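I have placed the structure first, in the form of structure tokens, so that the comments after it can refer back to it.
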Protein chains: 2
Amino acid sequence: MEQYQNPLFTIDNVLFTVAQAELKVLLVKRAIEPFIDQWSLPGGFVDPLLDASVEACARRKLQEKTGVAPSYLEQLKVFSGHQRDPRGFAVTLAFYALMGEQAAQSHIDTVHDAQWLPVHQLQDYPLAFDHQTIIAEAVARLKQKALYSLVPVYCLPAQFTVTELMTVIEAIIERPIQRKSLMRRIEASDMFIAVDEKVSTGKRPAQLYQLKPDADIYLFERNLAE
Amino acid sequence: MEQYQNPLFTIDNVLFTVAQAELKVLLVKRAIEPFIDQWSLPGGFVDPLLDASVEACARRKLQEKTGVAPSYLEQLKVFSGHQRDPRGFAVTLAFYALMGEQAAQSHIDTVHDAQWLPVHQLQDYPLAFDHQTIIAEAVARLKQKALYSLVPVYCLPAQFTVTELMTVIEAIIERPIQRKSLMRRIEASDMFIAVDEKVSTGKRPAQLYQLKPDADIYLFERNLAE
DNA sequence: GGAATAGTGTCTCTTAGACAATATGGA
DNA sequence: TCCATATTGTCTAAGAGACACTATTCC
């Protein structure tokens, strides 16, 4: 009674970034069975000797693939069932994470088993396990969160312009937003400080912002509306 | 490399109801070590032979304690670490659930190892494991959700009045709300249908409502504000 | 000066809060 | 009729959308 056959318990990461105004997710080619050579989410087994918690495990797995820590990491949910893994009843805790594309680029370029893929082209790839479903739920959660918080900022480098943040948000929620609304939110959130100037492509230079060191994620009381 | 020592994986349920205008959580007395005879959340090990998923396991555990299925059940999050269980690294998936007090009363009255305790008196009880923390996070999540949805309705029996729903919401968010605001939301959500009349305590009878059979939980674009 | 990008002013619209006014049934 | 509880009317307030207007840089 005390101990059943313990189910397989794993961690999976849905690591997002935005590049070329597109939402992308990091996928890795599986090196072992099952689903060998198919694209899958970076993850694996918890190692109680290495990991202080499931979050620590998720960070470790991401570090191995990208060389850096993600800017944002949060539990998505647990997926379980008899059908999702041919080896039997399996349980995976999925995380979703955000980071700037630049930070990981050099590391990812050196390997050929990891790649950023646009989330809207994933239906063309057969993904391992139920990873297609997991990604879909992660996208939905991120989309929702982008409506009442500024989490999308974690898809950008440490310093960024309002236009860059606007592009990221629009890529995530898949519709245009008003620059004015965004600027109101940046101000109201009190999460950022303005730094020096910057000439982006030419024209008028844009103000650079960065996260305040102690900034908490501010939750707005209203969603961005249609 | 394929298989580490698999961590202990368990399920815990934070089952809420509202009675006497107070938010209460179902706790059970532990029958075995560790933490024997202390109050704890109803839960236990997944049994892959009985449970089709972690949700099914959560329902089964709740059924055993209350005799009925909860009206609402959702994953809260995973808690993990080396400190939370004296037996070593442990992982638990916590759910939170809602139900009307009546539905479980007869079943709970027949046992003496399960009891509804007001969440605001829990600091007086030493709870097992990190269950104090888990409950605190569940309360925070429920509170947040009550601001932009009508989930608190699942703390009520199938038929209920606006005043009853108002009482439940106020117990959860710990401040009064405007009846007018609630009525607007009931209408806008399109989740309920009015049934026949009812004389509550005397005075003017209140309209009874019940969930539409196919009702999805409606998410409002604004929170109830201060 | 013209073009392009950055940022502001301000009006409208929606929905929550406040609270007065009305409705209904019992004593 | 009076009282208590239920329900509606309606005004105000806050913040998002729309969009015109101003600002800054490069050519």
Side-chain angles (χ1 to χ4, degrees), chain A residues 21 143-150 152 156 159-170 172-209 218-226, chain B residues 21 143-150 152 156 159-170 172-209 218-226:
Chain A
K143 228 161 156 172
Q144 186 60 23
K145 211 138 189 161
L147 296 180
Y148 63 83
S149 80
L150 293 176
L156 291 171
Q159 300 197 342
F160 60 91
T161 67
V162 173
T163 301
E164 287 168 342
L165 180 51
M166 200 163 97
T167 302
V168 167
I169 294 173
E170 291 178 338
I172 291 170
I173 68 176
E174 296 178 278
R175 63 180 175 79
I177 62 169
Q178 296 279 328
R179 168 187 292 265
K180 179 75 188 191
S181 298
L182 177 54
M183 299 212 64
R184 279 191 288 236
R185 284 186 160 210
I186 289 174
E187 167 122 26
S189 72
D190 198 34
M191 289 171 66
F192 310 103
I193 45 175
V195 289
D196 25 359
E197 295 281 304
K198 174 197 175 187
V199 185
S200 356
T201 50
K203 321 308 162 188
R204 174 174 173 176
Q207 179 63 59
L208 278 177
Y209 292 88
Y218 184 87
L219 304 182
F220 301 94
E221 296 209 329
R222 302 192 192 175
N223 284 0
L224 294 178
E226 194 54 37
Chain B
K143 229 161 155 170
Q144 186 59 25
K145 212 140 190 160
L147 296 179
Y148 63 82
S149 80
L150 293 176
L156 291 171
Q159 301 199 340
F160 60 91
T161 66
V162 173
T163 300
E164 287 167 341
L165 180 51
M166 197 162 101
T167 302
V168 167
I169 294 173
E170 291 179 338
I172 292 171
I173 69 176
E174 297 179 277
R175 63 179 176 79
I177 62 170
Q178 296 279 328
R179 167 187 292 264
K180 179 74 190 193
S181 300
L182 178 54
M183 298 212 66
R184 279 192 287 236
R185 286 187 157 208
I186 289 173
E187 168 123 25
S189 73
D190 197 34
M191 289 172 64
F192 310 102
I193 44 174
V195 290
D196 27 359
E197 296 282 305
K198 174 198 174 187
V199 185
S200 1
T201 51
K203 321 310 161 185
R204 175 173 171 175
Q207 179 64 59
L208 277 179
Y209 292 87
Y218 184 87
L219 304 182
F220 300 95
E221 296 209 329
R222 303 190 189 178
N223 284 358
L224 294 177
E226 193 54 39

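As the structure is a prediction and not an experimental result, all values here were calculated from the model. Quick note on labels: first sequence line is chain A, next is B, and so on, each numbered from 1.
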Interatomic distance where CG belongs to B/Leu182 and C1' belongs to C/dG17 [whole Å] | 14 Å
Please name the pair of heavy atoms, one in A/Leu224 and one in A/Arg175, separated by the smallest distance, quoted to 0.1 Å.
-> O-NH2, 3.5 Å
Closer than 4.0 Å, any side-chain N/O of A/Arg185 to the OP1 or OP2 of D/dA16?
-> yes
Atom CG of B/Leu150 and atom P of C/dT15 are separated, to the nearest Å, by 14 Å
Could you pull out the closest heavy-atom pair between A/Tyr209 and A/Met183, with the gap in Å?
-> OH-CE, 4.1 Å
Work out which heavy atom in A/Gln207 is nearest to a heavy atom in A/Glu197; give both atom names and the distance.
-> OE1-OE2, 3.5 Å
When you check the phosphate oxygens OP1 and OP2 of D/dA6, does a side-chain N or O of B/Thr163 lie under 4.0 Å from one of them?
-> yes
Let me have a per-nucleotide readout for nucleotides 17-27 of chain D, 5' to 3', with B, S or -, counting only protein heavy atoms under 4.0 Å.
-> BBB---BBB--
Atom CE of B/Met183 to atom C1' of C/dC19: distance rounded to whole Å?
-> 16 Å
From CZ of A/Phe220 across to C1' of D/dA14 the rounded distance in Å is 14 Å
For B/Phe220 and B/Ser189, the nearest pair of non-hydrogen atoms, with its separation, is CZ-CB, 4.0 Å
Indicate, with a heavy-atom threshold strictly under 4.0 Å, whether A/Gln207 touches base, sugar-phosphate, or nothing.
-> sugar-phosphate
In whole angstroms, the gap separating P of C/dG25 from NZ of B/Lys198 amounts to 15 Å
Taking CD from B/Glu221 and C1' from C/dC13, how many angstroms apart are they, rounded to a whole number?
-> 13 Å
Could you pull out the closest heavy-atom pair between A/Ile177 and A/Met166, with the gap in Å?
-> CG1-CG, 3.8 Å
How close or far is atom P of C/dC13 from atom CZ of A/Arg222, stated in whole angstroms?
-> 15 Å
Pairwise side-chain contact, B/Glu170 with B/Pro176, heavy-atom cut-off 4.5 Å (strictly under) = yes
Which whole-number value in Å describes the distance from B/Glu187 CD to D/dG9 P?
-> 11 Å
When you check the phosphate oxygens OP1 and OP2 of D/dA6, does a side-chain N or O of B/Arg179 lie under 4.0 Å from one of them?
-> yes
Considering all heavy atoms, the nearest B/Leu219-B/Ser149 contact = CD2-CB, 4.0 Å
